[in-house]
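Each remark here refers to the structure printed beneath this line.
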Amino acid sequence: MSASSIQSLMDRAVRHHQAGELAAAEPLYRQILDRQPRHAGALHLLGVLAHQAGQNDTAASLIAKAIMADGGVPDHHANLGLVLQAMGRLEDAAACQAQALALNPDYPEAHHNLGVALSAMGRQDEAASHFAEAVRLRPDFAESHLNLGAALQALGRIAEAIPHHRRAAELRPGDPAPWNNLGSAYRNLGRLADAMACWQQALARDAGNVTAIVCLADGLHAQGRLADAADAYAEALRLDPRNPATLNNFGLVLQAMGRHQDAASCFDAALAVQPDFAEAFDNLGSSHMAMGRADRAEPLHRQALARRPALAQAWNNLGNALKGLGRAEAAVGCWRRALALRPDLPEPYSNLGNGLRDRERFAEAEAAHRRALRLMPGNAAMLNNLGSAMQKRGGNAAAAAVIRRALALEPDYAEALTNLGLALQRLDDAGGAHACYRRALALMPDLPLARFNRGLLRLEEGDTAGGWPEYAWRFASGQIGAARQPPMPPWRGEDLSGKRLLIWREQGVGDEVMFASCYADAIERARAVVIECDARLVSLFARSFPKAVVRAQTIADGRETMAAGDADLHVPAGSLPRAFRDGLTAFPARRSWLVP
């Protein structure tokens with residue numbers, strides 16, 4: 001076949017190829033190769049056609065043969081690079097683009113393709129320089145503007161990225177991608193309203209664009225529009241139901257809405273798709289913690305840390321779970337570990353401050369809370385925590401001032417009202433304290449600490465009828481430790497005739513001695529009484545109450561060890577006054593109740 005005939009075939013093949021008629025172009029290329037097996041142009045374009053058909057191994061082989069036939073054509077090297085990149089051979093792809101540029105340094109497509117390969121390898125700085133060269137050589141190169149903006153943004157050069165996002169949007173008016181990227185840039189700059197407007201522009205171009213919907217949902221969450229954010233995440237999951245990041249973020253919104261069981265279901269679903277998703281394990285643990293399941297939360301936080309040992313938030317949350325399990329020292333260690341990893345996180349400082357306060361290390365607690373506030377100034381919860389620590393040190397007037405700052409930020413903050421009430425109570429402002437407790441309980445009728453503190457205030461005022469019932473909130477308030485659960489029903493003041501009653505210690509030795517003033521009343525009314533006390537008080541109580549069985553407490557490591565038939569009913573010592581001291585006149589006139 002003559003050279004002119006081969007050229008005619010080549011021209012026809014290229015026309016079909018450019019028109020997207022691959023089935024018509026392929027046999028023409030093959031006819032040429034039947035007559036000239038080393039025809040570089042036909043080998044190259046047949047390789048490009050194979051790549052377009054998804055046959056990358058064949059494409060790489062054909063284009064490599066074209067290069068062997070004529071290695072001086074930049075397009076051959078550039079297109080081989082695209083094929084190798086599609087095969088995941090990024091280093092080889094980058095080398096091919098570099099060879100194309102060695103043959104033609106002003107080849108914008110090769111600069112662009114090299115930038116894409118370098119970006120995929122995480123070499124964003126080099127990628128950005130090649131994208132920049134591509135748009136210098138070809139200012140209307142929309143794809144390079146798009147990728148240059150993304151690379152600059154990944155490098156933290158947000159202000160430089162924005163003009164390229166905008167230029168890509170101008171060059172590709174129907175494409176949502178530049179608007180999504182521009183929205184992310186504004187989000188990183190803290191310009192949430194501008195970011196939201198960009199994501200709306202993306203959705204105007206493609207109403208089903210999942211990226212824009214998810215970004216918009218994130219923005220709505222940040223604005224506190226939780227119901228709207230939940231709706232947006234639900235729509236994103238309708239379009240892409242197995243996206244683990246979207247499932248996780250939807251769970252966070254549901255968690256913020258107080259829908260902890262629904263949130264847990266989202267985190268579970270995210271983990272079913274991506275079993276190594278450390279944040280989802282951590283968030284699932286937090287959901288269980290919010291539902292009062294510290295025992296289930298702890299292993300989930302540990303699962304998160306097994307996958308990402310440097311996940312500071314998981315250390316913080318593990319500390320919360322351990323605190324809920326009564327392992328205070330271990331909890332403090334977790335919060336310190338979180339801060340060693342991320343000294344810029346305010347939450348672990350606040351939690352550490354509370355943990356140190358509970359351990360009566362008040363000066364250290366106050367310092368930790370002040371660090372938290374430096375990182376998150378004007379946070380009502382952290383101001384309240386600082387006020388509580390100051391109060392524990394005896395600085396009630398200063399504490400009241402700090403807590404009032406918290407209430408200026410959140411007037412309906414029931415816990416802060418409770419702490420202010422206690423500060424005023426200690427400052428002998430009973431009227432102010434009562435007003436605070438009333439307001440707190442109007443907001444949260446079952447707030448244990450408000451009930452307990454008001455019970456103490458009423459008892460101080462001699463109001464036993466109002467005081468003792470609210471003193472019963474002492475265990476739930478977290479101020480007295482934990483209630484025990486012996487293996488028999490609790491006594492609630494009913495007739496004790498014929499019953500065996502177990503009285504168990506609940507507080508320190510001084511409180512045991514005080515509440516022992518009611519033991520004789522119980523002994524008179526019950527068939528038998530068993531008194532469990534601190535081991536140091538056994539002989540004293542045995543002498544003082546010879547009709548009772550007196551023994552050291554039968555609880556070890558937080559577990560009950562008594563037999564179920566040991567008694568018929570049980571009662572904590574601090575609950576006896578409610579039954580036997582219903583007014584000031586019910587306190588017997590006697591000089592003592594113990595026998596030394």
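Small disclaimer: the values here were computed from a predicted structure and weren't measured.
Defined by atom type and a distance below 3.5 Å, a donor-acceptor pair is present between the side-chain atoms of Ser350 and Asn385. Between Gln201 and Arg205, the side chains place a donor N or O and an acceptor N or O closer than 3.5 Å (distance only, hydrogens not considered). A donor atom on one side chain and an acceptor atom on the other are found under 3.5 Å apart for Gln303 and Arg307.
Arg451 and Glu470 are joined by a salt bridge, as a carboxylate oxygen and a charged side-chain nitrogen come within less than 4.0 angstrom of each other. In summary, Arg308 and Asp282 do not engage in a salt bridge, as defined by a charged side-chain N under 4.0 Å from a carboxylate O. Salt bridge Lys392/Glu366: absent, no basic N to carboxylate O contact under 4.0 Å. The pair Glu364-Arg359 does not meet the salt-bridge criterion, since no charged nitrogen lies less than 4.0 angstrom from a carboxylate oxygen.
Judged by distance alone, the side chain of Ser265 and the main-chain N or O of Gln261 form a donor-acceptor pair under 3.5 Å. Distance alone, capped at 3.5 Å, places no donor-acceptor pair between the Arg371 side chain and the Ala367 backbone. A donor-acceptor contact shorter than 3.5 Å is absent between the side chain of Trp315 and the backbone of Arg337.
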### Worked verdict on Asn248 versus Cys266 for side chain to side chain contact (heavy atoms under 4.5 Å, CB included)
CA-CA 6 Å; Asn248 180 69; Cys266 284; over 6 Å; no
### Message
Using the rule given for side-chain hydrogen bond (donor to acceptor under 3.5 Å, both in side chains), can you reason through Asn320 versus Trp335, listing the C-alpha separation, both sets of side-chain angles and the distance that settles it, and then say yes or no?
### Response
CA-CA 8 Å; Asn320 294 341; Trp335 294 322; 3.3 Å; yes
### Query
Where do Leu252 and Asn249 land on the side chain to side chain contact (heavy atoms under 4.5 Å, CB included) test, with the steps shown first?
CA-CA 5 Å; Leu252 291 174; Asn249 291 342; 4.0 Å; yes
### Task
With side chain to side chain contact (heavy atoms under 4.5 Å, CB included) as the test, would you mind laying out the steps for Leu220 and Met196 before giving the verdict?
CA-CA 8 Å; Leu220 291 166; Met196 301 280 278; 3.6 Å; yes
### Task
Apply side-chain hydrogen bond (donor to acceptor under 3.5 Å, both in side chains) to Asn354 and His369, showing your working.
CA-CA 8 Å; Asn354 288 339; His369 288 309; 3.3 Å; yes
### Task
For Asp446 and Trp473, run side chain to side chain contact (heavy atoms under 4.5 Å, CB included): C-alpha distance rounded to whole Å, both residues' side-chain angles, the deciding distance at 0.1 Å, then the answer.
CA-CA 9 Å; Asp446 291 331; Trp473 290 77; 3.7 Å; yes
### Task
Take Asp358 and Lys323, measure what salt bridge (charged side-chain N to carboxylate O under 4.0 Å, His left out) needs, and give me the verdict at the end.
CA-CA 10 Å; Asp358 293 343; Lys323 180 182 178 183; 3.5 Å; yes
### Task
Please lay out, stage by stage, how Ser119 and Gln124 fare under the test side-chain hydrogen bond (donor to acceptor under 3.5 Å, both in side chains).
CA-CA 5 Å; Ser119 180; Gln124 298 294 349; 3.2 Å; yes
### Task
Take Asp194 and Arg187, measure what salt bridge (charged side-chain N to carboxylate O under 4.0 Å, His left out) needs, and give me the verdict at the end.
CA-CA 8 Å; Asp194 291 332; Arg187 181 76 168 90; over 6 Å; no
### Steps toward side-chain hydrogen bond (donor to acceptor under 3.5 Å, both in side chains) verdict (Asn243, Asp240)
CA-CA 6 Å; Asn243 186 297; Asp240 184 10; 3.2 Å; yes
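Across all their heavy atoms, Arg474 and Pro572 have their closest contact at NH2-CG, 3.7 Å.
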Could you list the donor-acceptor pairs under 3.5 angstrom formed between side-chain atoms of residues 410-421 and any protein atom two or more places apart in sequence or on another chain?
from	atom 1	to	atom 2	distance (Å)
Asp412	OD1	Arg439	NH2	2.2
Thr418	OG1	Ala414	O	3.0
Asn419	ND2	Asn384	OD1	2.9

Contacts under 3.5 angstrom, residues 146-157 side chains, donor-acceptor by atom type, not counting sequence neighbours:
from	atom 1	to	atom 2	distance (Å)
Asn147	ND2	Glu143	O	3.4
Gln153	OE1	His165	NE2	2.7
Arg157	NE	Glu160	OE1	3.4
Arg157	NE	Glu160	OE2	3.0
Arg157	NH2	Glu160	OE1	2.9

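Surrounding CG of Asp125 are at most 12 heavy atoms belonging to other residues, nucleotides or ligands under 6.0 Å away.
Contact check for Glu298 versus Arg327: side-chain heavy atoms found under the 4.5 Å cut-off. Between Phe131 and Val116, some side-chain heavy-atom pair lies under the 4.5 Å cut-off. Between Gln425 and Tyr437 the shortest side-chain heavy-atom distance falls below 4.5 Å. Looking at Phe281 and His301, their side chains never come closer than 4.5 Å, going by heavy atoms from C-beta outward.
Note that CE of Met289 and CG of Asn283 are 14.5 Å apart. Values are rounded to the nearest 0.5 Å.
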